[in-house]
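What follows is one structure encoded as structure tokens, with my remarks underneath.
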Protein chains: 2
Amino acid sequence: MASALRRAGLKVTPQRLSIVTALAHDDTHPTAQELFERLRGSVPAVSFATVYNTLDALARVGLMSVLRLGGPARFDPNTQPHHHAVCDGCGAVVDLPVPSLAPSAEAEAVVRAAAPGFVVARDERTFRGLCARCHARQAETRPGEGRRTKSP
Amino acid sequence: MASALRRAGLKVTPQRLSIVTALAHDDTHPTAQELFERLRGSVPAVSFATVYNTLDALARVGLMSVLRLGGPARFDPNTQPHHHAVCDGCGAVVDLPVPSLAPSAEAEAVVRAAAPGFVVARDERTFRGLCARCHARQAETRPGEGRRTKSP
DNA sequence: ATGATTGCAAACTCTTTGCATCCTT
DNA sequence: AAGGATGCAAAGAGTTTGCAATCAT
């Protein structure tokens, strides 16, 4: 873990280790704020700025990915290609395995037709909708009407 | 056009009309700032707050869609389901026709497996990469190395 | 007449930065 | 020792809001 940092040319500091380890055991895609609050009481306390700086550094070297979906950025330790389901009600983000949704040659063709010369690096797919809980809550509140969220 | 507003329960004001018409002839997905600057000199001048308020109102009634890709929100008059190609270099956004990329039953199945009970409303697909111009610029600058952007 | 809409400026949220100090290499 | 990293606080983006005046219906 520390070696991954060193390999990427980043110095290994206690703050960075605590951030990396906290994120490693987390699939909730926390925001910087959430991460900061969780680490406040840690032995190696981190400042808010360091959370941002570190996450930025980690993302830059590919040890972390950033989800910018509107509202605060969310951080995702999963650096493998994958997609997301985002709840419009509560903002929850769930990772989706990618295998069967791999970027197709067909998709590339569509891009090329609309944007000649465009070189596709990533195919990000986001399924928006309502998670089970929000869907149930919506149904009991106002049957047949959509719930609206505002972000950020 | 005015009738679309009325039908949606929104009052027809000169500001709204100028915003709607400005956006209608625009496929560059402008930000609120860009839209505001473009409308400054218009006959019915609009304030910055009104741009935001109006775009919010329009989006809420489905006459407009909002793209939150990190950085300032971008506005898209295209309310038909479609996808986007986003350039990591210059931030340009290009609309992609959707037909052949329609949300598949397979995709729904993947979502359901990872997030039981999740109801998919939209399948947003974003192809990130480099547009022709940025790709060429990158190649001449530092062959073989990626360009990084930071947003917002 | 009535209530939505406008506009201004101030408040807010999220993110980045300057700079002195500290720590990893 | 040298340069990156930290932490604080302050500055910057981007967005939202309170409130009085104004306008569409």
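Letters go in sequence order (proteins before strands), and every chain restarts at 1. Since the structure is predicted, the reported quantities are computational estimates derived from the model, not experimental observations.
Separating the CZ atom of A:Arg16 from the P atom of C:dT24 is a distance of 11 Å, rounded to the nearest angstrom. Residue A:Ile19 contributes atom CD1, which lies 11 Å from atom C1' of D:dA5 at whole-angstrom precision. One can place CZ of A:Arg6 at 13 Å from P of D:dA5, the figure rounded to the nearest angstrom.
For B:Ser47, the side-chain hydrogen bond (donor to acceptor under 3.5 Å, both in side chains) partners are B:Thr50, not counting sequence neighbours. Not counting sequence neighbours, the partners of A:Arg38 by the salt bridge (Lys or Arg N to Asp or Glu O under 4.0 Å) test are A:Asp26. Applying the salt bridge (Lys or Arg N to Asp or Glu O under 4.0 Å) rule to B:Glu34 yields no partners; only residues at least two apart in sequence or on another chain are considered. Every residue was checked against the side-chain hydrogen bond (donor to acceptor under 3.5 Å, both in side chains) condition with A:Arg74, not counting sequence neighbours, and none meets it.
Using a 4.5 Å cut-off on side-chain heavy atoms (C-beta onward), B:Arg112 and B:Val120 make no contact. Between B:Asp27 and B:Val94 there is no side-chain heavy-atom pair separated by less than 4.5 Å.
Between the side chain of B:Arg16 and the main chain of B:Lys11, a donor-acceptor pair closer than 3.5 Å is present.
For DNA chain D, the residues of residues 21-53 of chain B within the heavy-atom distance limit of 4.0 Å (strictly under) are B:Phe48, B:Ala49, B:Tyr52, B:Asn53, sorted by number.
DNA chain D is contacted by both B:Phe75 and B:Leu10; B:Phe75 maps to the nucleotide lying nearer its 5′ end (nearest heavy atom per residue).
One axis for each end of the helix from C:dA1-D:dT25 to C:dT25-D:dA1, each built from five base pairs, and the angle between them comes to 40° at 10° resolution.
Looking at B:His83 and B:Asp123, their side chains never bring a donor and an acceptor atom within 3.5 Å of each other.
In this model, the phosphate group of D:dT6 is approached by a side-chain N or O of A:Thr54 to a distance below 4.0 Å at OP1 or OP2.
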